[in-house]
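First up is the structure itself, then whatever we jot down about it.
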Amino acid sequence: MLSRTAENLYWLARYVERAEYLARTIDATLRVTALPAAYVGKTNEWDSALLTAGVAASFYRTYEEANEHNVVDYLSFSADNPSSIRNCIEAARLNSRSVRTALTSEMWDTINSAWIELQAVWSKGTSTREDLAKFLRFVQETSLRFDGSAYRTMLRNDAYWFSRLGLHLERADNTARILDVKYHVLLPEEEHVGGPLDFYQWSSILRSVSALTAYHWVYRETLKPWLVADLLILNGTLPRSLASCYENLTRNLDQIGVAYGRQGPAQRHARGIRNRLEHSNMNDIFQHGVHEFIQEFIADNSRLGEIITKQYLI
Amino acid sequence: MAVAFDEMNIPGGDLRPAYQELARWLKETPPEALEYRRQEAELLFRRIGITFAVYGDSESTERLIPFDVIPRIMSGKEWALLEKGLKQRVRALNMFLRDIYHGRDILRAEIVPDDLIFQNPVFRPEMNGQQVPHDVYVHIAGIDIIRVDAEDFIVLEDNARTPSGVSYMLENREIMMRLFPDLFARHRVAPVERYPDELLSALRSVAPHSASGEPTVALLTPGVYNSAYYEHSFLADKLGIELVEGRDLVVKNNEVFMRTTEGVKRVDVIYRRVDDDFLDPLTFRPDSALGVPGLMSAYAAGNITLANAVGTGIADDKAIYSYMPEIVKFYLGEEPILKNVQTWRCREPKDLAYVLDNLGDLVVKEVHGSGGYGMLIGPAATKATIEAFREKLKREPEGFIAQPTLALSTCPTCTASGLAPRHVDLRPFVLTGSKSTTIVPGGLTRVALKEGSLVVNSSQGGGTKDTWILDE
């Protein structure tokens, strides 16, 4: 397939995934900030929402204060924030338009209809909490529909695999960023562990990756920091865990390698990361330092993006 | 201006036979049901994204072309005649183009004046003496047809460069079938859905001799911001070929390749929707980033087929148009089946004098203009506009032609105040491959939605209709 088509598919999937992740982040943050201060302490949750979205620096160039109104506006509707939900949807639609021939009609319909629907939201914004909640749900549903229609209607060929690469790479990055921002509440030696403050922090982490129920199914335990970390980093059964993302990334890259009859640096690099995740346990990770581990992972993950681009997309 | 021919009603109250069933159906169908379906159709067009872009209109860069749900109907007999005439005309167009870039018999016979060719900006000296694969120049022609009475179809314009609109012909039919299955059940409408297959086999058939057994065809688009981008992606999809932009292509050793995830792959036939001027910055406009450097040398080396060929613009020039009846006779030795609109060539003193005397009754068009821009519609123009045009005409008479204001036929159309007659034209699409010329039964009917208006161009507020050819 055309390199440009593969590139568009890859970024299309990344943008849709990112939009969903931002919607989840805002949703989870709203929940935590709605709690009485006694449960959540004095940390500014809106600040950490900006940090996990990776846009704190650019935010403060425009705004003085990270409060609900400003952050929601910046993450959702801002045309100036290149990774706002709005810009993600706009970019996803532009990419879809330029690779329409590689999309199924269901996928195009999902993106185009969402784009049409959201025009109204961009111009009006959301005036009430209900409006905002509806908007966030709509974005998440769009992503689910898009993902679902890709899963159900696309041929299993390189077009599919490249879009999956974008999705899993973005998802791994998102999960890692949450962990990186919240790693301090996962540290076992931290004081007040097990207090209500930490409990809500942990549940908000799980909520932002839609894994709260999954946690209970997997561990049948109350929330414990190292189990939360274990679930999100090493548990291959959770679709948003780093381990699961890398299982998928290596598999999709292998499928491309087989179809093209050629392996390359992308396949090797991805396999390297997967092996490291496979041979780690939470004990070692805590020993090494959760923060350091995650930092390395984020760098490795974005390096994979660069390698894929060089090997296939340009 | 003569009274327009009504496609549905015979003066005195009778219906023309092709419309009898439709009239019965309209009588049974409440206006609300029509309106409801019109809205549904609009929603479908928007969701599918069947849009066109309007240049210089940044607010809404994508617009819908209004779609009218009342079909325009023609009998099989009428179509048979039209089809014959179209094939004849396109055959002559191809022979004319080959001649102009090779032997130039028609110039030596003094049928068409030399300067109309050599001083024409759309004439491409680069194509002189160049062999194009299988001698086909116009692979895809869109011939604009109007109807003035029960017998006669008249050609308004030959589009021999990169005619657009065929996606609307196909999508209009799809949407009509979805919204009005009952109406289809009551008619026998000839299908148009074979068009993409016919196009692909025509394109494959003209692959250069150096192509491998399974020639690779690609569609070259200027990109998502082009006004016809929807059509480009639609066709590439239906044909199952890559939709490429200039940056996806690269020329090496006079062969054309596309950049793919598995390395480069040779391309044999390019259905290009990019104008001559932008095809190759090394040959044409050096400032264009849309094209492919070296494409023209690969073309000259015979390693790539461009459809349509480079330099076909000379055949859809309005000054050349006026010579079409002579062109058909010269190459085919046959009487032209389709008439031309009577045309005064302002370059000829006698014609110019007539035009200047009758400006108020005539339509004056720029020879190289398109899309309804730069024209004077005498009967609708103010005195000042007419005078301004008179000066332009005197300054540069060779830049203009004039035609009588034609009474385009009318078709019943949904309007705010119910069904009303509106003027229509028709653009059928004629495909020429190495062996044969084909036309799917139908075309794009464009309709002027404003009462009394004769302007059907989508850029000027025209709409479209499904075109039915009855299979009797």
Side-chain angles (χ1 to χ4, degrees), chain A residues 1-10 12 90-117 119 123 155 157-163 165 252-253 255-264 266 308-314, chain B residues 42-53 59-64 167 171 174 178 196 216-250 256-265 267 271:
Chain A
M1 76 189 310
L2 287 181
S3 297
R4 184 173 51 85
T5 307
E7 187 190 12
N8 274 311
L9 285 167
Y10 167 87
L12 168 58
E90 294 278 353
R93 196 222 177 216
L94 188 61
N95 277 7
S96 300
R97 236 162 83 78
S98 46
V99 291
R100 269 183 76 147
T101 53
L103 298 183
T104 63
S105 54
E106 287 83 355
M107 294 164 78
W108 164 254
D109 185 66
T110 302
I111 289 294
N112 194 44
S113 307
W115 180 79
I116 292 168
E117 192 102 341
Q119 296 303 305
S123 53
L155 291 174
N157 58 15
D158 45 1
Y160 182 72
W161 299 322
F162 279 110
S163 76
L165 287 183
N252 294 147
L253 280 166
Q255 283 164 321
I256 294 170
V258 169
Y260 293 175
R262 211 182 310 168
Q263 302 265 332
I308 290 173
T309 302
K310 216 162 138 199
Q311 190 171 332
Y312 294 112
L313 309 183
I314 50 171
Chain B
E42 193 180 308
L43 190 73
L44 282 171
F45 274 99
R46 198 171 281 286
R47 280 185 68 141
I48 305 173
I50 309 176
T51 57
F52 77 109
E59 272 307 292
S60 61
T61 46
E62 292 165 37
R63 275 207 223 149
L64 290 183
S167 58
E171 290 285 32
E174 283 297 313
R178 236 159 114 172
T216 302
V217 184
L219 195 158
L220 178 64
T221 174
V224 287
Y225 298 107
N226 183 267
S227 65
Y229 179 76
Y230 169 73
E231 175 152 307
H232 305 163
S233 67
F234 173 88
L235 284 174
D237 207 15
K238 295 280 177 208
L239 268 61
I241 61 178
E242 293 289 356
L243 178 65
V244 299
E245 296 179 17
R247 56 191 158 131
D248 298 320
L249 298 178
V250 56
V256 183
F257 297 90
M258 52 188 178
R259 295 178 220 271
T260 79
T261 48
E262 294 173 85
V264 294
K265 182 170 191 249
V267 181
Y271 174 20

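Per chain, numbering begins at 1; letters A, B, ... match sequence-line order.
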| query | For the atom pair CG (Asp109(A)) and CG (Leu44(B)), what is the distance rounded to the nearest 0.5 Å? | reply | 9.5 Å
| message | Please check this pair: side chain of Ser3(A) against backbone of Thr260(B), looking for a donor-acceptor N/O pair closer than 3.5 Å. | response | yes
| Between Tyr229(B) and Val99(A), which heavy-atom pair has the shortest distance, and what is it? | OH-N, 4.4 Å
| query | Nearest 0.5 Å, what's the OG1-CH2 distance between Thr261(B) and Trp161(A)? | reply | 10.5 Å
| said: Between Ile116(A) and chain B, with a heavy-atom cut-off of 4.5 Å, which part of the residue counts as in contact: side chain, backbone, both or neither? | reply: side chain
| request: With a 4.5 angstrom heavy-atom cut-off, could you sort out which part of Arg46(B) is near chain A: side chain, backbone, both or neither? | output: both
| query | Side chain, backbone, both or neither: which part of Phe234(B) has an atom under 4.5 Å from a heavy atom of chain A? | reply | neither
| said: Given Arg4(A), which partner from the list Arg247(B), Glu242(B), Arg259(B) fulfils the side chain to side chain contact (heavy atoms under 4.5 Å, CB included) test? | reply: Arg247(B)
| note | Most contact-rich option vs chain A, by heavy-atom pairs under 4.5 angstrom, among Arg47(B), Lys265(B), His232(B), Lys238(B), is Arg47(B)
| remark: So OG1 of Thr5(A) and CG of Leu243(B): to nearest 0.5 Å the spacing works out to 8.0 Å
| task | Locate the shortest heavy-atom distance separating Trp108(A) from Ile48(B); write the atom from each residue and the value. | result | NE1-O, 2.8 Å
| said: Applying side-chain contact (heavy atoms from CB on, under 4.5 Å) to Asp237(B) and Arg100(A), what does each step give before you reach the verdict? | reply: CA-CA 8 Å; Asp237(B) 207 15; Arg100(A) 269 183 76 147; over 6 Å; no
| request: Could you tell me which portion of Ser98(A) (side chain, backbone, both or neither) has an atom closer than 4.5 angstrom to a non-hydrogen atom of chain B? | output: both
